[in-house]
Amino acid sequence: MQVADHIAARIAAGESQPGARPAGERDLGTEYGVACLTARRAARELRERGLVVTLPAKGTFVAYPETTDDGQEQ
């Protein structure tokens, strides 16, 4: 959860722009000093939160913020 929370904070701060490709699971494991399984769980958590999307045969990308009918971000 700590890894997912840290990455979520980086996305919220604008360090990772929508459409950008975040680091892969192996790179996350190395960057945060955690096992690949932990990095995989963090990636899954980010998907569940809607912060990243994974497209088959394309990869994982930072999600674009959802907007309401009046154009405001949720």
Side-chain angles (χ1 to χ4, degrees):
M1 288 298 281
Q2 292 176 347
V3 173
D5 289 342
H6 188 261
I7 296 168
R10 290 171 61 181
I11 292 170
E15 291 179 33
S16 295
Q17 297 297 315
R21 295 183 93 170
E25 293 172 2
R26 285 187 195 146
D27 293 333
L28 285 177
T30 301
E31 181 178 343
Y32 289 96
V34 297
C36 286
L37 180 60
T38 301
R40 185 172 295 134
R41 287 178 184 158
R44 183 178 60 222
E45 176 66 24
L46 293 169
R47 278 192 301 275
E48 290 173 0
R49 293 183 193 183
L51 296 174
V52 299
V53 293
T54 300
L55 304 174
K58 299 285 185 188
T60 300
F61 303 89
V62 175
Y64 285 88
E66 293 185 22
T67 58
T68 60
D69 291 337
D70 61 0
Q72 299 294 316
E73 289 184 13
Q74 290 185 354

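This chain uses plain numbering: 1 for the first residue, then up along the sequence.
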Inter- and intrachain pairs under ring pair (Phe, Tyr, Trp, His ring centres under 6.0 Å), touching residues 41-60, at least two apart: none
Check the hydrophobic clustering (I, L, V, M, F, W, Y; side-chain heavy atoms under 4.5 Å; chains of links allowed) and say if Val34 and Leu46 are grouped together. yes
Which value, rounded to the nearest 0.5 Å, describes the distance between Ile7 atom CD1 and Leu28 atom CG? 4.5 Å
Counting neighbours of CD on Gln2 that are heavy atoms of other residues, nucleotides or ligands and sit closer than 6.0 Å, is the number greater than 12? no
Suppose the criterion is ring pair (Phe, Tyr, Trp, His ring centres under 6.0 Å): which pairs have a residue in residues 40-66, not counting sequence neighbours? none
For residues 13-25, which side-chain donor-acceptor pairs fall under 3.5 Å, sequence neighbours excluded?
{"unit_1": "Gln17", "atom_1": "NE2", "unit_2": "Gly14", "atom_2": "O", "d": "2.6"}
{"unit_1": "Arg21", "atom_1": "NH2", "unit_2": "Lys58", "atom_2": "O", "d": "2.8"}
{"unit_1": "Glu25", "atom_1": "OE1", "unit_2": "Arg40", "atom_2": "NE", "d": "3.1"}

List in chain and number order the residues that pass side chain to side chain contact (heavy atoms under 4.5 Å, CB included) with Thr30, two or more places apart in sequence or in another chain; answer none if no residue qualifies. none
Arg49: partners by side chain to side chain donor-acceptor pair (under 3.5 Å), with sequence neighbours left out: Asp5, Glu45
Sequence neighbours excluded, the answer for side chain to side chain donor-acceptor pair (under 3.5 Å) partners of Thr60 is Thr54
Sequence neighbours excluded, the answer for side chain to side chain donor-acceptor pair (under 3.5 Å) partners of Tyr32 is His6, Arg10
